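Only this structure's heavy atoms are used, side chains among them; waters, hydrogens and symmetry mates stay out. Predicted model, so just to flag it, every value in this text is computed and none were measured.
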Amino acid sequence: QVQLVESGGGLVQAGGSLRLSCAISRSIFSANTWGWYRQVPGKQRELVAGISSSGMTNYADSGEGRFTISRDNAQSTVYLQMDSLKPEDTATYYCNALMSLVRSTPKFDEWGPGTQVTVSS
């Protein structure tokens with residue numbers, strides 16, 4: 001069974017930081033490339049960062065230089081460290097497997113609950 005549980009969101013002021021966590025079923029963690037998506041009500045979900053099984057990373061322009069994606073193989077967890085947050089980063093953040101670092105299409109139809117990030121100005 002696919003299990004994706006996001007946590008770590010919250011309310012912060014512009015310029016602040018948050019670290020998001022995605023707990024992933026051990027059986028599907030190692031073989032996949034993983035990514036963080038975000039979605040604002042009324043807008044399409046967008047990929048903000050990805051990390052491969054070898055540790056290669058890719059970032060959307062919106063998060064380049066401010067976001068850092070990492071993975072803990074022992075804990076089957078993917079993290080997103082977000083620094084210098086801006087009001088436009090406000091969204092619900094989700095994790096999912098990726099086809100590759102150059103393809104943003106999610107692998108699994110079942111999404112986790114997501115975690116809300118709100119950045120005030």
Side-chain angles (χ1 to χ4, degrees):
Q1 299 291 337
V2 174
Q3 181 179 338
L4 305 169
V5 181
E6 303 91 345
S7 63
L11 174 63
V12 298
Q13 290 187 305
S17 298
L18 287 171
R19 189 183 72 161
L20 308 183
S21 299
C22 176
I24 304 165
S25 300
R26 191 175 302 276
S27 62
I28 63 172
F29 176 82
S30 297
N32 282 301
T33 293
W34 293 96
W36 281 96
Y37 296 78
R38 68 185 182 188
Q39 186 172 34
V40 176
K43 300 179 67 177
Q44 293 187 350
R45 184 153 30 205
E46 63 175 353
L47 180 68
V48 298
I51 185 167
S52 73
S53 60
S54 66
M56 296 184 65
T57 59
N58 196 25
Y59 298 91
D61 290 342
S62 59
E64 188 76 50
R66 301 186 298 118
F67 294 177
T68 303
I69 189 170
S70 61
R71 59 192 290 161
D72 184 335
N73 294 336
Q75 298 295 323
S76 298
T77 301
V78 177
Y79 301 96
L80 184 67
Q81 177 68 43
M82 303 189 294
D83 299 316
S84 302
L85 283 163
K86 304 175 181 180
E88 50 262 46
D89 295 320
T90 295
T92 302
Y93 285 72
Y94 302 87
C95 60
N96 208 320
L98 306 176
M99 299 301 297
S100 73
L101 286 178
V102 297
R103 297 181 180 180
S104 62
T105 304
K107 280 189 175 181
F108 303 119
D109 293 331
E110 182 179 354
W111 295 83
T115 186
Q116 178 66 38
V117 171
T118 302
V119 184
S120 62
S121 60

Please tell me if the side chains of Ile51 and Thr33 come closer than 4.5 Å, counting only heavy atoms from C-beta onward.
no
For Ser25 and Gln3, indicate whether the former's side chain and the latter's backbone hold a donor-acceptor pair under 3.5 Å.
yes
Any link between Ile69 and Tyr79 through a network of hydrophobic side chains (Ile, Leu, Val, Met, Phe, Trp, Tyr) touching at under 4.5 Å?
no
How is the hydrophobic cluster of Leu98 composed, in terms of its other members, when Ile, Leu, Val, Met, Phe, Trp and Tyr link through side-chain heavy atoms under 4.5 Å apart, directly or indirectly?
Tyr37, Leu47, Tyr94, Trp111
Thr68: side chain to side chain contact (heavy atoms under 4.5 Å, CB included) partners, not counting sequence neighbours
Tyr59, Gln81
Ignoring hydrogens and angles, state whether a donor on the side chain of Asp72 or Thr77 is under 3.5 Å from an acceptor on the partner side chain.
no
Is it possible for you to say whether Phe29 and Val5 belong to one hydrophobic cluster, with membership spreading through side-chain heavy-atom contacts below 4.5 Å?
no
Give a yes or no answer on whether the side chain of Asp89 reaches the backbone of Lys86 with a donor-acceptor pair at less than 3.5 Å.
yes
Output for pair (Ser104 OG, Met99 CE), nearest 0.5 Å, gives 11.0 Å
Under 3.5 Å, is there a donor-acceptor pair between the side chain of Ser54 and the main chain of Ser52?
no
With no hydrogens and no angle check, is any side-chain donor or acceptor of Arg26 less than 3.5 Å from a backbone partner on Ala74?
yes
Distance from Arg66 atom CZ to Ser84 atom OG, nearest 0.5 Å?
7.0 Å
Any idea which heavy atoms bring Ser53 and Ser30 closest together, and the distance?
CB-O, 3.5 Å
Side-chain donor-acceptor contact under 3.5 Å, Lys107 with Asn96:
no
From CA spacing to verdict: side chain to side chain contact (heavy atoms under 4.5 Å, CB included), Ile24, Val78:
CA-CA 8 Å; Ile24 304 165; Val78 177; 3.7 Å; yes
Separation of Leu80 CG from Arg19 CZ (nearest 0.5 Å)
11.0 Å
Closest approach of Ala91 and Val40, non-hydrogen atoms and distance?
CB-CG2, 3.9 Å
Between Tyr93 and Arg38, do the side chains contain a donor N or O and an acceptor N or O under 3.5 Å apart?
yes
Rounded to the nearest 0.5 Å, how far does CH2 of Trp34 lie from OG of Ser70?
14.5 Å
For the atom pair OG (Ser100) and CG (Asn58), what is the distance rounded to the nearest 0.5 Å?
9.0 Å
Closer than 3.5 angstrom, by distance alone: can the side chain of Thr90 be matched with the main-chain N or O of Val119 as a donor-acceptor pair?
yes
Rounded at 0.5 Å granularity, tell me how far CG in Leu4 sits from SG in Cys95.
4.5 Å
Side chains of Thr92 and Gln39 only: does a donor on one sit below 3.5 Å from an acceptor on the other?
no
